[in-house]
Amino acid sequence: MSQEVRVRFAPSPTGPLHIGGVRTALYNYLFAKKMGGKFLLRIEDTDQTRFVPGAEDYIQESLAWLGIPADESPWKPGDVGPYRQSERKSSYMQYALDLVEAGHAYYAFDTSEELEAMRERLTAARVVQPQYNSITRTQMKNSLTLPEEEVKARLASGEPYVIRVKIPRKEEVRLNDMIRGWVMVHSSTLDDKVLMKSDGMPTYHLANIVDDHLMGITHVIRGEEWLPSAPLHVLLYKFFGWEDTMPQFAHLPLLLKPDGNGKLSKRDGDKLGFPVFPLNWENKETGETAAGFREQGYLPDAFLNFLAFLGWNPGDDRELFSLDELVEAFSIDRIGKSGTKFDIAKAKWYNEQYLRSKTSAELVKLLVAEAKAEGMEIPADKAEALVNLTKDRCTFAADLWNESKCVIIAPKEFDMAVAEKRWNADAVKVLSNYAGALKAYSGTFDAETAKTMLGASAEAEEIKLGKVMQAVRLAVTGSGAGPDLMEVFAILGPQEVANRIQFALDTLPVIA
RNA sequence: GGUCCGUUCGUCUAGGGGUUAGGACGCAUCCCUUUCACGGAUGAAACACGGGUUCGAUUCCCGUACGGACUACCA
């Protein structure tokens, strides 16, 4: 009988959730759903000095926006709670003490000044890697070097202390990563990491092992930055005697800067003009702000699809996947090993694809909302025609409005660069003729009619239509580029088109 | 510096001992067209390097180079 898959996403509430974290959450979600298991969210807030108010809400809202909510979380507790490490504080010490008891950990009383002095001494002695380990710990103040009585006295007096793991001197530590295969590290390169901090809180290393064990986590899917400490975690599972239920590890490739090299950072986004966070963020205390994909106009499905393909692919030529399809297609062995550079152009392409696949009704909603944000209204009888006319020209929902503007708002001024080239005597003749014809017209008016009438006007003046088309567009929309003109005319209706032409005729001096 | 991880078109990637090394984004050209787009077609563009193993290596092995992560009482 196979065990239920349980995975967790374990962010720290230290600020907005980085896009790399979002992808980690997504892969955890996809794996859990694919395996018919559970996706948990655990808040790793053991560093009280870095806690940022609002960050938890941000995490929750981000997952909600993407449609990948956790099955168990601080806001939806299952039966292995609490789901905030700060609320589990009381349980960690006992586990650390068990390790001390078993000889796998020890108390250390060194002050930060003493630690600093030790590092300096080792550096001066050209020790390649100054660290608290099996050698150096013999020279520090800890329960391994101090007499038992003194240790007891120090503890009793309330002197601050930490508990450090006692890394064995010679041991080959190995783990079988689901993405990277066997990874082997010698224990001599590991250091005696702090397990319990002097403030009584556990470090990540202790907390994540204890909690993953207690929460029944079967697979740990996290970023590659954790790979170097994974051997320590393996050792800890062994020390606790939990090897049998140790989760399987999968270390995800990093998200890299689009240009040059290195981990993708907020700075890169700012510099290149794209967000690296799912939602807008504002830290009320520091005034720090960050742009979000949602506010930039990205659709959650498109963003999700884009994100899924940053390091994973289905193995065939398909590119467009709904969340359900992603779940169906997902597998950890199709996750790549190497770092992935972030390409915003691809994200835009995904957004275009998803925008265009929306129904007219959905697009109308988006257009109306965008217009409203600009203080404008879209006449109900024109909305559908507008979105159908403009959607193929749009990347974001905001473009629906940008592209529709020229229909909704009559031009007050004209693109003079176009006017200088195209606004000539021929154009004026044709337009005058056309305006007159439109004013007199009262039948049904569609794109076909608009064009036939325009053609007739041109013919009447013995002028080739193609020669004056740009001028016609300029007169009615004020610019030289835009959606299909005849369709625009159809939406406007003959009277409005005539009015606009008349305004242009009255305003624009003949230049060309 | 040390430990660990990685390296196929500019980018995301497929592939895998013998292939014209495939797709997508982007780019270019052409077609469509009343403009700009959309769409269609075409094109330029990659196996980091050096040794092995092999009849044969981009693919397997070992080095080198390059890149990255980690190296806190942060996660």
Side-chain angles (χ1 to χ4, degrees), chain A residues 10-14 44-47 49-50 85 108 110-112 115 119 123 126-132 160-164 177 179-181 183-186 188-191 193-205 207-208 222-231 251 253-254 256-263 306 309-320 334 336-350 352 356 390-394 403 418 422 451 454-455 465-474 477 479-486:
Chain A
S12 278
T14 54
E44 309 234 324
D45 54 352
T46 53
D47 187 347
T49 63
R50 293 209 307 163
Q85 289 186 326
D110 316 277
T111 64
S112 50
L115 289 171
R119 286 190 197 104
T123 306
R126 302 197 200 208
V127 171
V128 284
Q129 212 174 351
Q131 57 181 18
Y132 211 116
Y161 66 93
V162 301
I163 293 177
R164 285 180 181 272
D177 187 272
I179 293 172
R180 281 146 223 288
V183 175
M184 268 162 277
V185 177
H186 196 85
S188 61
T189 64
L190 268 25
D191 62 347
K193 281 269 181 294
V194 170
L195 262 20
M196 289 297 296
K197 300 185 269 191
S198 55
D199 64 359
M201 276 292 203
T203 61
Y204 171 81
H205 302 296
N208 104 84
R222 76 227 298 195
E224 192 186 345
E225 66 269 27
W226 292 109
L227 195 50
S229 58
H251 289 94
L254 262 16
L256 272 18
K257 302 174 185 298
D259 59 340
N261 295 297
K263 227 167 151 179
F306 164 70
F309 273 69
L310 252 30
W312 173 85
N313 75 83
D316 55 39
D317 286 347
R318 293 176 298 160
E319 304 261 8
L320 267 11
R334 293 215 62 88
K337 291 177 167 70
S338 48
T340 303
K341 283 191 186 175
F342 190 82
D343 180 16
I344 197 67
K346 195 80 173 227
K348 287 182 179 169
W349 178 78
Y350 270 110
E352 287 165 3
R356 282 166 211 173
T390 58
K391 67 175 176 182
D392 284 346
R393 313 169 57 80
C394 298
E403 293 291 337
V418 177
R422 307 290 184 169
K451 185 164 188 185
L454 180 57
L465 185 54
K467 292 249 177 202
V468 296
M469 248 355 250
Q470 279 290 84
V472 175
R473 174 179 290 281
L474 182 73
T477 69
S479 109
D484 187 286
L485 232 209
M486 294 308 119

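Lettering follows sequence order; numbering is per chain, from 1. Every value quoted in this text rests on a predicted model; they were computed, and no experiment measured them.
- Closest heavy-atom contact between A/Arg164 and A/Leu115: NH2-CD2, 3.7 Å.
- If you check every strand for non-hydrogen atoms under 4.0 Å, A/Arg50 touches a base.
- Within 6.0 Å of NZ on A/Lys348 lie no more than 12 heavy atoms contributed by other residues, nucleotides or ligands.
- The shortest distance between the side-chain N/O atoms of A/Arg334 and the OP1/OP2 oxygens of B/rG15 is below 4.0 Å.
- Within 4.0 Å (heavy atoms only), A/Gly311 reaches sugar-phosphate atoms of the nucleic acid but no base atom.
- Among all heavy-atom pairs drawn from A/Asp343 and A/Phe306, the shortest one is O-CE1, 3.6 Å.
- B/rG10 atom C1' lies 17 Å from atom CZ of A/Phe342, rounded to whole Å.
- Distance check on atom C1': B/rA21 versus B/rA14 gives 10 Å, rounded to whole Å.
- As a whole-Å value, the separation of A/Leu474 CG from B/rC36 P is 15 Å.
- Within the structure, a side-chain polar atom (N or O) of A/Arg164 is placed less than 4.0 Å from OP1 or OP2 of B/rC73.
- For B/rC9 and B/rU71, the P atoms lie 30 Å apart once the distance is rounded to whole Å.
- Candidate nucleotides B/rG26, B/rA37, B/rC73 were compared by shortest atom distance to the side chain of A/Arg393, and B/rA37 ranks first.
- Across every strand in view, B/rU42 sits in a pair with B/rA28 that passes the Watson-Crick or G-U test at under 3.5 angstrom.
- Considering every non-hydrogen atom in both A/Glu44 and A/Ser12, the closest pair reads O-OG, 3.0 Å.
- Counting any heavy atom pair closer than 4.0 Å across all strands shown, A/Val162 reaches a base atom.
- Remark: B/rU34 base-pairs with no nucleotide; criterion is Watson-Crick or G-U wobble with both hydrogen-bond distances under 3.5 Å.
- For A/Glu225, counting side-chain heavy atoms from C-beta on, the closest listed nucleotide (B/rU8, B/rA69, B/rC12) is B/rA69.
- The minimum heavy-atom distance linking A/Val162 with A/Ser198 is given by the pair CG1-N, 3.7 Å.
- With B/rA75, B/rU34, B/rC38 as the candidates, the nucleotide lying closest to the side chain of A/Arg356 is B/rC38.
- Here the side chain of A/Ala481 is nearest to one of B/rA75, B/rU35, B/rU3, namely B/rU35.
- Rounded to a whole angstrom, the distance from the P atom of B/rU11 to that of B/rC27 is 16 Å.
- In this structure, CG of A/Asp191 is placed 15 Å from P of B/rC4, rounded to the nearest angstrom.
- A sub-4.0 Å separation between OP1 or OP2 of B/rU34 and a side-chain N or O of A/Lys451 is present.
- In this structure, NE2 of A/His186 is placed 15 Å from C1' of B/rC4, rounded to the nearest angstrom.
- Each of B/rC74, B/rC73, B/rC70 was ranked by its minimum atom distance to the side chain of A/Lys263; first place goes to B/rC70.
- A donor-acceptor contact shorter than 3.5 Å is absent between the side chain of A/Arg422 and the backbone of A/Ala471.
- Base engagement by A/Gly482 is indicated by at least one non-hydrogen atom pair under 4.0 Å involving a base atom.
- Atoms NE2 (A/His251) and P (B/rC5) sit 12 Å apart, rounded to a whole Å.
- When the C1' atom is used for both B/rC49 and B/rU8, the distance is 15 Å, rounded to whole Å.
- Between A/Tyr350 and A/Phe309, the angle of the ring planes lies from 30° to 60°, which puts this pair in the tilted group.
- Residue contacts shown for A/Met486 include a base, since a base heavy atom lies under 4.0 Å away.
- Comparing the same atom, P, in B/rC38 and in B/rC61 gives a spacing of 44 Å after rounding to whole Å.
- At the phosphate of B/rG68, neither OP1 nor OP2 sits under 4.0 Å from any side-chain N or O atom of A/Lys341.
- Nucleotide B/rG18 forms a Watson-Crick or G-U wobble pair with B/rC55, both donor-acceptor distances falling under 3.5 Å.
- With rounding to whole Å, A/Glu352 atom CD is found 8 Å from B/rG39 atom P.
- For the pair A/Asn313 and B/rA14, the criterion of a side-chain N or O lying under 4.0 Å from OP1 or OP2 is met.
- The residue A/Arg119 sits close only to the backbone: its heavy atoms come under 4.0 Å of sugar-phosphate atoms, none of a base.
- Distance NZ (A/Lys257) to C1' (B/rG68): 12 Å, rounded to an integer number of Å.
- Candidate nucleotides B/rC74, B/rG68, B/rU35 were compared by shortest atom distance to the side chain of A/Leu254, and B/rG68 ranks first.
- Not a single donor-acceptor pair, N or O on each side, falls under 3.5 Å between the base of B/rC70 and the side chain of A/Ser229.
- The phosphate of B/rA75 (OP1 or OP2) has a side-chain N or O of A/Thr46 nearer than 4.0 angstrom.
- We find that CG of A/Leu485 is positioned 14 Å from C1' of B/rA37, with the value rounded to whole Å.
- Pair assignment for B/rU3 gives B/rA69, based on Watson-Crick or G-U wobble hydrogen-bonding distances that are each under 3.5 Å.
- On the C1' atoms, B/rG51 is 31 Å away from B/rC70, given to the nearest whole Å.
- Considering all non-hydrogen atoms of both residues, A/Ala207 and A/Thr46 come closest at CB-CG2, 4.4 Å.
- When heavy atoms are screened at a 4.0 angstrom cut-off, A/Pro483 is found touching base atoms of the nucleic acid.
- Closest approach of A/Pro130 and A/Thr123 over heavy atoms only: CG-OG1, 3.7 Å.
- Checking each of A/Glu225, A/Lys337, A/Arg222, A/Arg180 against A/His251 for a side chain to side chain donor-acceptor pair (under 3.5 Å) leaves exactly one that passes, namely A/Arg222.
- A/Asp484 comes within 4.0 angstrom of a base, heavy atoms only.
- Taking the P atoms as reference points, B/rC36 lies 14 Å from B/rA28, given to the whole Å.
- Residue contacts shown for A/Arg222 are absent, as no nucleic acid heavy atom lies under 4.0 Å away.
- Judged by closest nucleotide on RNA chain B, A/Ser338 is the one of A/Ser338 and A/Ser12 placed further toward the 5' end.
- Side-chain atoms of A/Glu224 lie closest to B/rG68 of the nucleotides B/rG68, B/rA75, B/rU11.
- Spacing between B/rG15 and B/rC60 at atom C1', rounded to whole Å, works out to 16 Å.
- For the pair A/Lys467 and B/rU34, the criterion of a side-chain N or O lying under 4.0 Å from OP1 or OP2 is not met.
- Using a 4.0 Å heavy-atom criterion, one finds that A/Lys337 contacts the sugar-phosphate atoms exclusively.
- Searching all strands for a Watson-Crick or G-U wobble partner of B/rC9 with both distances below 3.5 Å returns nothing.
- Listed nucleotides: B/rU35, B/rC73, B/rA24. Nearest to the side chain of A/Gln470: B/rU35.
- Proximity of A/Thr340 to the phosphate of B/rU13: a side-chain N or O atom is located under 4.0 Å from OP1 or OP2.
- Remark: the A/Lys193 side chain and the B/rA72 base include no donor-acceptor N/O pair separated by less than 3.5 Å.
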